[in-house]
Amino acid sequence: MWWMMNETGGNYSSKKSDDLCSNVCGQESSQVLGMSRISCILRGLDVKTCIFMFAIIPMCTLGIYIHGQKISYFLRPLWEKPPKPFNVIPHYYQENVSMENLCKLHGWGVREYPRRVYDAVLFSNEIELLTVRWKELYPYITEFVLLESNSTFSGLPKPLVFSSNRVQFKFVEQRLTYGTIGGRFKKGENPFIEEAYQRVALDRLLKIAGITDDDLLIMSDVDEIPSAHTINLLRWCDQVPSILHLQLKNYLYSFEFLLDEKSWRASVHRYQSGKTRYAHYRQSNDMLADSGWHCSFCFRRISDFIFKMKAYSHNDRVRFSHYLSPERIQKVICKGADLFDMMPEEYTFKEIIGKMGPIPHSYSAVHLPAFILENADKYKFLLPGNCMRQR
């Protein structure tokens, strides 16, 4: 190695030179040994690159964190196709038309006597809507079946709300089968597992209630309310489909905010032992048009909104703690906006864009459950122009 020292005219160093810093900073590596490598590199970056690295990238990352769910829902049409359309059956009704003619208009025959009807629900805390539902359906229901758990779908403990308010429902007591079930309280479990567990228990409760083959069974959540005349039609008509979904008008917060008419999960079944299972998903291609109302998050008190946001199967939508602020919830209700700051759940860009922003106010209170209008002072929070809620 002595010839290398002679040719270079200096001492040889076995350490590799920092070519990056030498090239960038224009200095020999021996002169930058005391300089931070990061600061050396930064001296070689222009202003635009620095802005991109330390401003644009962090802002984009923060934006994705905050609005990632919105972006995902907006791009839904790119990877998910809409489900197969329902076979929508036209719905005919006028109070002065005979049942024989109404059944005939639907292409069905008329029975000599009506079928028995069972209305079965899982109950959480919707006292007001349960009252409206049972008052609407009361004339045509053989047995009301209600199951209540001491656990929410998300695994939170809850009081037995119906049990403590049972005195309010004396009008159905003679036709009520009420059951309770203990929650499993498994932390971190998918809420839909607990929900399925409770629906299986409801199947057992129906058998205790005495349901038999060819009885009609209404499967719907408490806030999915079939109209009385719809159930009367189905119990009197023959050749009704064995499973029939109900198209409901879809309201949010009250009957002031009509979102659309696309609620379809409610269904009516002609019960078959060993085959009929209580569920809340699509089970048929047939759907009867304009069959009732779905009033989602239609509560009297802000505290009930907060409870449901934390309790139901989609509780993961509460991504930030300020979503549960009572002041924010009140503003969202009166505006007709989304509690979870989400994009519309649609399958085409046209429908997504068409539903962006708050729901337009409706000032119609025509063809609503009769009990609400008969008791308007008590239930005015469900009527147009009354968005303010109790704490």
Donor-acceptor contact below 3.5 Å, side chain [X] vs main chain [Y]:
{"X": "Ser267", "Y": "Gln283", "value": "no"}
{"X": "Lys158", "Y": "Ser149", "value": "yes"}
{"X": "Glu128", "Y": "Glu126", "value": "no"}
{"X": "Asp203", "Y": "Tyr278", "value": "yes"}
{"X": "Asn375", "Y": "Phe371", "value": "yes"}
{"X": "Thr142", "Y": "Val117", "value": "yes"}
{"X": "Arg270", "Y": "Val240", "value": "yes"}
{"X": "Tyr197", "Y": "Gly183", "value": "no"}
{"X": "Gln247", "Y": "Asp290", "value": "yes"}
{"X": "Asp213", "Y": "Ser273", "value": "yes"}

Minimum heavy-atom separation for [X] to [Y], with atom names?
{"X": "Ile89", "Y": "Pro241", "answer": "CD1-CG, 4.3 Å"}
{"X": "Arg328", "Y": "Phe340", "answer": "NH2-N, 4.3 Å"}
{"X": "Glu256", "Y": "Leu383", "answer": "OE1-O, 4.2 Å"}

Inset, instruction - Anything under 30° is parallel, anything over 60° is perpendicular, the rest tilted; go ahead and classify His106 against Trp108. - result: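 Rings of His106 and Trp108: parallel, as their planes differ by under 30°.
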Inset, instruction - May I ask you to decide if the ring planes of His229 and His91 are parallel, tilted or perpendicular, using 30° and 60° as cut-offs? - result: tilted
Distance from [X] atom [atom1] to [Y] atom [atom2], nearest 0.5 Å?
{"X": "Asp223", "Y": "Cys298", "atom1": "CG", "atom2": "SG", "answer": "7.5 Å"}
{"X": "Ser291", "Y": "Ile231", "atom1": "OG", "atom2": "CD1", "answer": "8.0 Å"}
{"X": "Tyr140", "Y": "Leu216", "atom1": "OH", "atom2": "CG", "answer": "14.0 Å"}
{"X": "Phe123", "Y": "Ser163", "atom1": "CZ", "atom2": "OG", "answer": "10.5 Å"}
{"X": "Glu345", "Y": "Glu80", "atom1": "CD", "atom2": "CD", "answer": "10.0 Å"}
{"X": "Glu112", "Y": "Asp238", "atom1": "CD", "atom2": "CG", "answer": "9.5 Å"}

Do [X] and [Y] share a hydrophobic cluster, counting only Ile, Leu, Val, Met, Phe, Trp and Tyr and linking them when any side-chain heavy atoms are less than 4.5 Å apart?
{"X": "Val172", "Y": "Leu129", "answer": "yes"}
{"X": "Ile208", "Y": "Leu122", "answer": "yes"}
{"X": "Tyr253", "Y": "Tyr323", "answer": "yes"}
{"X": "Trp134", "Y": "Leu147", "answer": "no"}
{"X": "Val145", "Y": "Ile211", "answer": "yes"}

[X]-[Y] aromatic ring centre distance below 6.0 Å:
{"X": "Trp293", "Y": "His367", "answer": "yes"}
{"X": "Tyr178", "Y": "Phe162", "answer": "yes"}
{"X": "His294", "Y": "Tyr251", "answer": "no"}

Legend entry - Ring-face cation of Lys308 near Phe297 (centre distance under 6.0 Å, axis angle within 45°):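 Yes, a cation-pi geometry holds between Lys308 and Phe297.
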Inset, instruction - Please confirm whether Arg175 makes a cation-pi placement over Tyr138, using NZ or CZ under 6.0 Å from the six-membered ring centre and within 45° of the ring normal. - result: yes
Legend entry - Asp215 vs Arg115, salt bridge (Lys or Arg N to Asp or Glu O under 4.0 Å): CA-CA, chis, key distance, verdict: CA-CA 6 Å; Asp215 290 341; Arg115 290 186 179 86; over 6 Å; no
Legend entry - Qualifying residue for salt bridge (Lys or Arg N to Asp or Glu O under 4.0 Å) with Asp221, from Arg133, Arg265, Arg199: Arg199
Inset, instruction - Apply the test side-chain hydrogen bond (donor to acceptor under 3.5 Å, both in side chains) to residues Ser364 and Ser362: give CA-CA distance (whole Å), side-chain angles for both, the deciding distance (0.1 Å), then the verdict. - result: CA-CA 6 Å; Ser364 172; Ser362 168; 5.1 Å; no
Legend entry - CA sep, side-chain torsions, deciding dist, call: Asp260, Lys249, salt bridge (Lys or Arg N to Asp or Glu O under 4.0 Å): CA-CA 6 Å; Asp260 56 38; Lys249 292 183 178 179; over 6 Å; no
Legend entry - Flag side-chain contact, heavy atom, 4.5 Å: Asp338 against Val332: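 No, every pair of side-chain atoms sits at 4.5 Å or beyond.
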Legend entry - Side chain to side chain, Leu217 and Val268, heavy atoms closer than 4.5 Å: no
Legend entry - Ion pair check, Arg166 and Glu173, cut-off under 4.0 Å: yes
Legend entry - Presence of salt bridge, Lys262 and Glu351, under 4.0 angstrom: yes
Legend entry - Thr177 and Glu143: CA distance, side-chain angles, deciding distance, side-chain hydrogen bond (donor to acceptor under 3.5 Å, both in side chains) verdict: CA-CA 7 Å; Thr177 299; Glu143 191 76 10; 2.7 Å; yes
Inset, instruction - If a pair satisfies salt bridge (Lys or Arg N to Asp or Glu O under 4.0 Å) and one of its residues is in residues 375-391, list it, with sequence neighbours excluded. - result: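 Listed once each, the pairs are Glu327-Arg391.
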Inset, instruction - Take Ser151 and Arg184 through the side-chain contact (heavy atoms from CB on, under 4.5 Å) test and state the conclusion after the steps. - result: CA-CA 8 Å; Ser151 167; Arg184 296 172 306 129; over 6 Å; no
Inset, instruction - Look at atom CD of Glu189 and say whether more than 12 heavy atoms of other residues, nucleotides or ligands are closer to it than 6.0 Å. - result: yes
